[in-house]
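One structure is given below, encoded as structure tokens.
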Amino acid sequence: RALGGVPDADVEPSVAPNLGLSEGDRLEVRWVITDDDDEDTVVWWPCTLRAIVPSGPSASWELHYDADEAHGFAPEVRPATFTNSRWVRDPGEGQHL
């Protein structure tokens with residue numbers, strides 16, 4: 001699982017290898033899904049970690065999410081930045097997950 005408490009806003013993102021993660025690792029990321037009635041549902045979403053650029057100052061990562069038929073979501077690939085061993089940031093969402 002890739003979450004915990006809210007990280008400090010000024011923490012520099014870390015690359016996954018510094019956190020004990022590597023290409024192909026299976027993770028679960030916590031998402032909060034809000035339905036049409038403004039009801040929130042917490043979903044632990046399984047995904048696979050993939051490197052775009054595996055090391056160096058421009059290291060970058062993707063999370064390859066599994067389909068979630070129960071909530072109507074197809075498989076999806078999203079960029080990811082690791083803030084620490086418990087937090088992942090989704091740049092497209094603009095938030096920590």
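Note that these values count all heavy atoms, side chains included, but never hydrogens, waters or copies made by symmetry.
Listed by chain and residue number, nothing satisfies the side-chain contact (heavy atoms from CB on, under 4.5 Å) test with Glu69 (two or more places apart in sequence, or in another chain). Listed by chain and number, the residues in a side chain to side chain donor-acceptor pair (under 3.5 Å) with Thr41 amount to none (sequence neighbours excluded). The side-chain contact (heavy atoms from CB on, under 4.5 Å) check on Asp66 picks up Arg26, Pro46, with sequence neighbours excluded. Take Asp38 and apply the side-chain contact (heavy atoms from CB on, under 4.5 Å) test, not counting sequence neighbours, and it matches Thr34. Applying the side-chain contact (heavy atoms from CB on, under 4.5 Å) rule to Asp36 yields no partners; only residues at least two apart in sequence or on another chain are considered.
With respect to Arg50 and Glu23, a salt bridge is recorded, a charged nitrogen being found less than 4.0 Å from a carboxylate O. Ion pair Glu28/Arg30 not flagged as a salt bridge, since none of the NZ, NE, NH1 or NH2 atoms sits closer than 4.0 Å to an Asp/Glu carboxylate oxygen.
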Asp68 vs Val43, side chain to side chain contact (heavy atoms under 4.5 Å, CB included): CA-CA, chis, key distance, verdict: CA-CA 10 Å; Asp68 185 335; Val43 176; 3.6 Å; yes
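Within the structure, the salt bridge (charged side-chain N to carboxylate O under 4.0 Å, His left out) test picks out no pair touching residues 40-49 (sequence neighbours left out).
Counting heavy atoms from C-beta on, the side chains of Leu27 and Leu63 come closer than 4.5 Å. Two residues are said to be in side-chain contact when any heavy atoms from C-beta on lie closer than 4.5 Å; Trp31 and Tyr65 meet this criterion.
No continuous path of hydrophobic side-chain contacts links Val77 to Trp61 [ILVMFWY only; heavy atoms under 4.5 Å].
With hydrogens and angles ignored, the 3.5 Å screen pairs no side-chain donor or acceptor of Asp37 with any backbone N or O of Glu39.
With values rounded to the nearest 0.5 angstrom, Thr48 atom OG1 is found 11.5 Å from Glu62 atom CD.
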